[in-house]
Amino acid sequence: MRAWLTNIQWCPWCGDTLILAAVKKAFDELGILPNNRVIVSWIWCSSKISQYIDWYAAETLHGRAIPFATWVKMSRPDMHVLVVSWDGDWYGIWVWHFVHACRRNINITYLVLNNQNYWLTTGQTSPTTPVWIKTKTTPEWNDIYPLSPVDL
């Protein structure tokens, strides 16, 4: 087992550990050195990714990862900037930061960890929760069709 896996603090069923491994592997395979990488995240589980890497990282205020990443990229165009968030935060709360970053055509990579639920806050529906799923906020079932990130 890799040393960095021994201190992971995510729930046992969470896929974030696999995503972390994939992100590390991708940067290594692309040959992008650690001093040319920045990961920007915000609160909740996805933000822990920045705690398990050996390159530049910033855990920003709630919903401010894209504005911060924009500042990093504009001040250091040579850096490879990766923003990591989760479905509830991104699709439900801060989607307009993404839309405006797209309008500005800023060269950053945005990774959304979509578990279709607000797991950390006891399992409420998120904008991507499938229809007919039972959650804490929809005990009978979710009757709202989910947002389609691909269509957006």
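Hydrophobic cluster membership for Tyr145: Val131, Trp132, Trp141 (Ile, Leu, Val, Met, Phe, Trp, Tyr linked by side-chain heavy atoms under 4.5 Å, directly or transitively).
Residue Lys134 holds its NZ atom at 15.0 Å from OG1 of Thr129, rounded to the nearest 0.5 Å. A distance of 9.0 Å separates CG of Leu30 from CZ of Arg37, quoted to the nearest 0.5 Å. Interatomic distance, CD1 of Ile133 versus OG of Ser126, reported as 11.0 Å (0.5 Å rounding). Expressed to the nearest 0.5 Å, how far OG of Ser41 lies from CD of Gln51 amounts to 8.0 Å.
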Between Ile39 and Val84, is a side chain to side chain contact (heavy atoms under 4.5 Å, CB included) present by the stated rule, with each step listed?
-> CA-CA 7 Å; Ile39 186 167; Val84 179; 3.7 Å; yes
Stepwise side chain to side chain contact (heavy atoms under 4.5 Å, CB included) test for Val40 and Thr60 | CA-CA 7 Å; Val40 181; Thr60 65; 3.7 Å; yes
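With sequence neighbours left out, Asn36 forms a side chain to side chain donor-acceptor pair (under 3.5 Å) with no residue at all. Take Tyr56 and apply the side chain to side chain donor-acceptor pair (under 3.5 Å) test, not counting sequence neighbours, and it matches no residue. Checked against side-chain contact (heavy atoms from CB on, under 4.5 Å), Arg104 has the following partners two or more places apart in sequence or in another chain: His100, Ile106. Qualifying ring pair (Phe, Tyr, Trp, His ring centres under 6.0 Å) partners for Phe27, counting only residues two or more places apart in sequence or in other chains: Trp55.
Inter-residue side-chain proximity for Leu111 and Thr109 is flagged as unmet; no heavy-atom pair is nearer than 4.5 Å. Residues Pro130 and Asn142 fail the side-chain proximity criterion, which asks for heavy atoms closer than 4.5 Å.
At distances below 3.5 Å, not a single donor-acceptor pair connects side-chain atoms of Thr138 with backbone N or O atoms of Glu140. Thr137 places a side-chain N or O within donor-acceptor distance of the main-chain N or O of Thr125, the cut-off being under 3.5 Å. For Lys24 (side chain) and Tyr52 (main-chain N/O), a donor-acceptor pair under 3.5 Å exists by modelled atom type.
Between Met79 and Val38 the shortest heavy-atom distance is CE-CG2, 3.2 Å.
Checking Tyr110 against Ser85 by side-chain atom types alone, a donor-acceptor pair falls below 3.5 Å.
Leu147 and Val99 fall within the same hydrophobic cluster, where Ile, Leu, Val, Met, Phe, Trp and Tyr residues are linked whenever their side-chain heavy atoms come under 4.5 Å apart, directly or through other members. Ile108 is not connected to Leu33 by any chain of hydrophobic side-chain contacts under 4.5 Å among Ile, Leu, Val, Met, Phe, Trp and Tyr, and they are in different clusters.
Within the structure, side-chain hydrogen bond (donor to acceptor under 3.5 Å, both in side chains) pairs that include any residue of residues 67-81 comprise Arg76-Asp78 (at least two apart or interchain).
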